[in-house]
Amino acid sequence: MDTTDWPAAEFQAHRAHLRAVAYRMLGSLTEADDAVQEAWLRLTRTDAGDVRNLRAWLTTVVSRVCLDMLRTRMARREDPLDVHVPDPVVTSAADDPEQHALLADSVGLALLVVLDTLSPAERLAFVLHDIFAVPFEQIGPVLDRSPAAAKQLASRARHRLAGTTASAAADPARQRAVAAAFLAAARGEDFEGLLAVLDPDVVLRADAGAGPLGPSRLVRGAPEVIATARLFSPLARFARPVLVNGAPGFLIVRGGQPFALIGMAIRDDKITEIDILADPHRLSQLDLTGLID
């Protein structure tokens, strides 16, 4: 069968998987879509008779495209990255995140933030092996390294990521209760109540871009986070519960427009990380269908 006979339906059957891989690799929904599109273009230029396992072939192609994009991103970065919240996936609080292919195996914002600190090779090895169970025999050639070297890269990444995925196994009902307590305390300016739900070492990242909540900031420690919360407590009454990458969060809507998005990482009934996206441009790019009306 030549390339012209290659059915697009077969590619579409793997699109959700490819987008999930690319999203975890890049932390950007737009770039993930670009990577998937590039995989499609390369497929159309390939002799279909050379492709025996389409899913594996496409996963390898998308991984190589993402690796090139990550390396380009690092080469252009002259200064340490400013406070940056990766692109979130926002769904209704009533939704079951297991129904969303992009959120399969759970990928919280906290994990994506730490993934950004890895080298491109470490990130690829970890994402492919630990999240998608791709064998190191397949990962090594993507990196132009031996399977043993790829395994070592994944091990280093795993060590740096230790603890960032613990919230995925928590009881969703308890997570929602903690998030609700946080919102109630913020609305009531009950800062003792906030202290009760915050981990002592909580980290708050606010990515404001050029928006009205600027400048962007990184705040560590419960007292400092509470002091910051005092500035934003008047906005709490505009907050709507949503799921942010499958975990409880809040969308702040003012005048019918998204004003800020708040995601959380919750472990042992305490909020350990708060990620706020308040960049107007990036908020306007999110798919918030059915969440604002």
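Quick note: residue numbers are just sequence positions, from 1.
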Which pairs would a plain distance check flag for residues 139-155, meaning a side-chain donor or acceptor within less than 3.5 Å of a matching protein atom at least two apart in sequence or in another chain?
residue	atom	partner	partner atom	Å
S146	OG	A149	N	3.1

Tabulate below the donor-acceptor pairs under 3.5 Å that side-chain atoms of residues 131-138 make, not counting sequence neighbours, or state none.
residue	atom	partner	partner atom	Å
Q138	NE2	A56	O	3.4
Q138	NE2	T60	OG1	3.2

Atom pairs and distances, side-chain donor-acceptor, residues 222-234, under 3.5 Å, sequence neighbours left out:
residue	atom	partner	partner atom	Å
T228	OG1	E224	O	3.1
S233	OG	R230	O	3.2

Anything under 3.5 Å between a donor and an acceptor, one on a side chain of residues 180-208, the other on a protein residue two or more places apart or in another chain? List them.
residue	atom	partner	partner atom	Å
R187	NE	A236	O	3.0
R187	NH2	A239	O	3.0
D190	OD1	E192	N	3.4
D190	OD1	G193	N	2.9
D199	OD1	D201	N	2.8
R205	NH1	E273	OE1	2.8
R205	NH1	D275	OD1	2.9
R205	NH2	E273	OE1	3.1
D207	OD2	V85	N	3.1
D207	OD2	R282	NH1	2.8

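Nearest heavy-atom pair across A39 and V62 is CB-CG2, 3.5 Å. Closest approach of P88 to L261, counting heavy atoms only: CG-CD2, 3.3 Å. Considering every non-hydrogen atom in both G256 and I292, the closest pair reads O-CG2, 3.3 Å.
For the pair D279 (side chain) and H281 (backbone), a donor-acceptor distance under 3.5 Å is present. A distance-only check finds a donor-acceptor pair linking the side chain of R160 to the backbone of T117 [under 3.5 Å]. With hydrogens and angles ignored, the 3.5 Å screen pairs a side-chain donor or acceptor of R123 with a backbone N or O of R24. At least one donor-acceptor pair under 3.5 Å links the side chain of E122 to the backbone N or O of S119. The backbone N or O of T289 sits less than 3.5 Å from a side-chain atom of D287, completing a donor-acceptor pair. Checked by atom type and distance alone, the side chain of R73 pairs as donor or acceptor with a backbone atom of L26 at under 3.5 Å.
Applying the salt bridge (charged side-chain N to carboxylate O under 4.0 Å, His left out) test to R240 and every residue at least two apart in sequence or in another chain returns nothing. By the side-chain hydrogen bond (donor to acceptor under 3.5 Å, both in side chains) test, S284 pairs with no residue at all, sequence neighbours left out. When the side-chain contact (heavy atoms from CB on, under 4.5 Å) test is applied to P241, the partners found at least two apart in sequence or on another chain are A93, F250. In this view, D130 and R158 satisfy the side-chain hydrogen bond (donor to acceptor under 3.5 Å, both in side chains) rule, not counting sequence neighbours. Shown here are the salt bridge (charged side-chain N to carboxylate O under 4.0 Å, His left out) partners of D68, two or more places apart in sequence or in another chain: there are none. Under the ring-ring contact (aromatic ring centres under 6.0 Å, His included) criterion, H14 pairs with no residue at all, not counting sequence neighbours. Every residue was checked against the side-chain hydrogen bond (donor to acceptor under 3.5 Å, both in side chains) condition with R176, not counting sequence neighbours, and none meets it. Residues passing the side-chain hydrogen bond (donor to acceptor under 3.5 Å, both in side chains) test with R71, sequence neighbours excluded: none.
In the hydrophobic cluster analysis, where Ile, Leu, Val, Met, Phe, Trp and Tyr join through side-chain heavy atoms closer than 4.5 angstrom, V113 is grouped apart from V89.
Atom CG of L111 sits about 9.5 Å away from atom CG of N245, to the nearest 0.5 Å. One distance of note links CG of L29 with CG of L286; it measures 7.5 Å at 0.5 Å rounding. If you take CG on L58 and CZ on F11, they are separated by 6.0 Å, rounding to the nearest 0.5 Å.
No side-chain donor from either of D33 and Y23 sits under 3.5 Å from a side-chain acceptor of the other.
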